[in-house]
Protein chains: 2
Amino acid sequence: MFIELDLQSETPIYAQLVDQIVEGIASGALQPGDPLPSVRRLAEDLGINLHTVNKSYNLLKQEGFLQVHRKKGVIVQPDGMPGVTEAFEEKLRRQLRSLAAAAAVRGMTEEVFAQESRSVYRNTITNHGGEQH
Amino acid sequence: MFIELDLQSETPIYAQLVDQIVEGIASGALQPGDPLPSVRRLAEDLGINLHTVNKSYNLLKQEGFLQVHRKKGVIVQPDGMPGVTEAFEEKLRRQLRSLAAAAAVRGMTEEVFAQESRSVYRNTITNHGGEQH
DNA sequence: ATATGTGTTATACATGTAATATAACAGACA
DNA sequence: TGTCTGTTATATTACATGTATAACACATAT
């Protein structure tokens with residue numbers, strides 16, 4: 001599994017899990033329809049509790065990134081990912097505003113900030129070695 | 001005062017305060033050397049507790065955005081803001097990665113994401129009406 | 001000197017979140 | 001019949017958040 005947790009981090013475990021699964025989908029390491037480990041399996045692999053994994057899966061299900069099949073278990077959304085909703089736009093802008101302000105105060109120019117965003121996006125999409133076809 | 005808090009928000013009050021003060025500096029509404037209200041005064045104005053304001057001030061002081069003078073009280077850093085440190089770069093990239101991945105999964109292109117970042121930066125810098133010289 | 005206003009520190013309390021630990025349930029399946 | 005699935009319930013521990021009082025040291029103005 002490509003998931004690595006930092007138990008010392010200030011960001012909650014369940015949030016790290018959510019982030020890394022989304023990044024896995026974005027990078028292509030996780031394809032639509034791909035199965036995910038069961039909550040018990042993944043919890044044991046990562047050395048964390050069943051409920052922590054379940055919380056992450058539920059958040060991703062609620063966002064429309066995952067589906068829960070009684071047969072197939074938990075799989076990556078096969079029927080098309082949710083689009084850029086108004087709610088997402090607002091959340092995106094709110095978080096970007098906080099980052100942009102801190103960057104601007106520290107003297108980072110608009111060009112550098114925009115380029116940094118573009119660069120991070122590209123690195124996220126780019127396969128980070130480890131997916132198999 | 002230009003600060004507006006959302007007590008229903010999931011983001012802590014002290015974090016909202018930190019964000020809005022940084023945005024105030026970025027926009028120019030708060031200039032280097034400008035005084036900030038005392039912890040007791042601002043707390044009363046906002047209808048929150050003294051310690052919540054103090055926590056925000058301390059975080060900003062620790063980052064180098066504010067100074068505490070025994071005479072002048074709390075003022076906006078007059079001796080040059082901290083630059084783009086390695087620690088800030090890491091934090092910036094880590095947060096951008098999370099946003100970029102979610103945006104990519106939802107179908108937002110690299111161009112749109114970069115443009116969105118640029119746009120938000122510009123709006124942050126632009127004076128939002130309300131500062132006085 | 002006295003009173004007032006600074007930031008700062010200490011203590012305590014209430015509330016909510018995060019994470020863990022067991023346990024049980026209903027549905028699918030071999 | 002077991003076994004594995006997601007799901008739910010309950011309890012506990014630890015920590016973060018926010019509030020409430022109180023006090024301290026320092027500066028300033030009356």
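Convention: sequence-line order gives letters A, B, ...; per-chain numbering from 1.
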Query - Any side-chain heavy-atom pair of V68(A) and Y57(A) under 4.5 Å - result: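 Side-chain contact under 4.5 Å: no.
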Query raised in the report: Hey, are the side chains of E89(B) and V84(B) touching, using non-hydrogen atoms and a 4.5 Å cut-off?
Result: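 In short, these two side chains touch, coming nearer than 4.5 Å.
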Query raised in the report: Who are the side-chain contact (heavy atoms from CB on, under 4.5 Å) partners of Q95(A), not counting sequence neighbours?
Result: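 Q95(A): side-chain contact (heavy atoms from CB on, under 4.5 Å) contacts with K91(A), L99(B).
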Report task. Output all residues satisfying side-chain contact (heavy atoms from CB on, under 4.5 Å) with P32(A), sequence neighbours left out; order by chain, then residue number. Result ->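 P32(A): no side-chain contact (heavy atoms from CB on, under 4.5 Å) contacts found.
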Query - Selection residues 58-86 of chain A - residue pairs positive for ring pair (Phe, Tyr, Trp, His ring centres under 6.0 Å), sequence neighbours left out - result: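 Applying ring pair (Phe, Tyr, Trp, His ring centres under 6.0 Å) to every pair that reaches into residues 58-86 of chain A, excluding sequence neighbours, yields nothing.
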Side chains of residues 12-20 of chain B: which donor-acceptor partners sit under 3.5 Å, not counting sequence neighbours?
residue, atom, partner, partner atom, Å
Q16(B), OE1, D6(B), N, 2.9
Q16(B), NE2, D6(B), O, 3.0
Q16(B), NE2, T11(B), O, 2.9
D19(B), OD1, S98(A), OG, 3.1
Q20(B), OE1, E4(B), N, 3.1
Q20(B), NE2, E4(B), O, 2.6

Requested in this report: Under the side-chain hydrogen bond (donor to acceptor under 3.5 Å, both in side chains) rule, collect the residues that match up with S117(B), sequence neighbours excluded.
Outcome: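 Partners of S117(B) under the side-chain hydrogen bond (donor to acceptor under 3.5 Å, both in side chains) test: S117(A).
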**Report entry** Any S38(B) side-chain N or O less than 4.0 Å from OP1/OP2 of dG5(C)
**Finding:**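 No, S38(B) has no side-chain N/O under 4.0 Å of OP1/OP2 on dG5(C).
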Report task. Would you tell me if any nitrogen or oxygen in the side chain of N54(B) comes within less than 4.0 Å of OP1 or OP2 on dG7(C)? Result ->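 For dG7(C), OP1/OP2 do not have a side-chain N/O of N54(B) under 4.0 Å.
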Would you kindly give the [atom1]-to-[atom2] distance between [X] and [N], to the nearest whole Å?
| X | N | atom1 | atom2 | result |
| --- | --- | --- | --- | --- |
| L66(A) | dT5(D) | CG | P | 16 Å |
| L17(A) | dT20(C) | CG | P | 11 Å |
| N58(A) | dT7(D) | CG | C1' | 8 Å |
| Q67(A) | dT7(D) | CD | P | 12 Å |
| Q62(A) | dT7(D) | CD | C1' | 15 Å |
| Y57(B) | dT6(C) | OH | P | 10 Å |
| H69(B) | dC26(D) | NE2 | P | 17 Å |
| L36(A) | dG6(D) | CG | P | 10 Å |

What pairs of nitrogen or oxygen atoms, one from the protein and one from nucleotides 16-20 of chain D, lie under 3.5 Å apart?
residue, atom, partner, partner atom, Å
dT17(D), OP1, Y14(B), OH, 2.6
dT17(D), OP2, Y14(B), OH, 3.4
dT17(D), OP2, K55(B), NZ, 2.9
dG18(D), OP1, I13(B), N, 2.6
dT19(D), OP2, N49(B), N, 3.0
dT19(D), OP2, T52(B), OG1, 2.8

Distance-only check: which donor-acceptor pairs under 3.5 Å involve side-chain atoms of residues 36-43 of chain B, not counting sequence neighbours?
residue, atom, partner, partner atom, Å
S38(B), OG, R41(B), N, 3.0
R41(B), NH1, D45(B), OD1, 2.7
R41(B), NH1, D45(B), OD2, 2.7

Report summary line: Given protein heavy atoms under 4.0 Å, the one-letter contact record of nucleotides 25-30 of chain C, with B base, S sugar-phosphate only and - none, is simply --SSS-
Query raised in the report: Which part of the nucleic acid, if any, lies within reach of K61(B) when heavy atoms closer than 4.0 Å are counted: base, sugar-phosphate only, or nothing?
Result: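 Sugar-phosphate only.
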Query raised in the report: When the C1' atoms of the five terminal pairs at each end define the local axes, what inter-axis angle does the helix from dG7(C)-dC24(D) to dA30(C)-dT1(D) show, to 10 degrees?
Result: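 Terminal axis comparison yields 20°.
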**Report entry** Pairs where residues 102-119 of chain B contributes a residue and the test salt bridge (charged side-chain N to carboxylate O under 4.0 Å, His left out) is met, not counting sequence neighbours
**Finding:**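 Non-adjacent pairs meeting salt bridge (charged side-chain N to carboxylate O under 4.0 Å, His left out): E63(A)-R106(B), R93(A)-E116(B), E110(A)-R118(B), E111(A)-R118(B), R118(A)-E110(B), R118(A)-E111(B), R122(A)-E110(B).
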Query raised in the report: Which residues pass the ring-ring contact (aromatic ring centres under 6.0 Å, His included) test with Y121(A), sequence neighbours left out?
Result: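 F113(B).
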Report task. Name all pairs fulfilling the side-chain hydrogen bond (donor to acceptor under 3.5 Å, both in side chains) condition that reach into residues 77-86 of chain B, sequence neighbours left out, sorted by first residue then second. Result ->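 Checked against side-chain hydrogen bond (donor to acceptor under 3.5 Å, both in side chains) - neighbours excluded - the pairs reaching residues 77-86 of chain B are Q67(B)-Q77(B), Q67(B)-D79(B).
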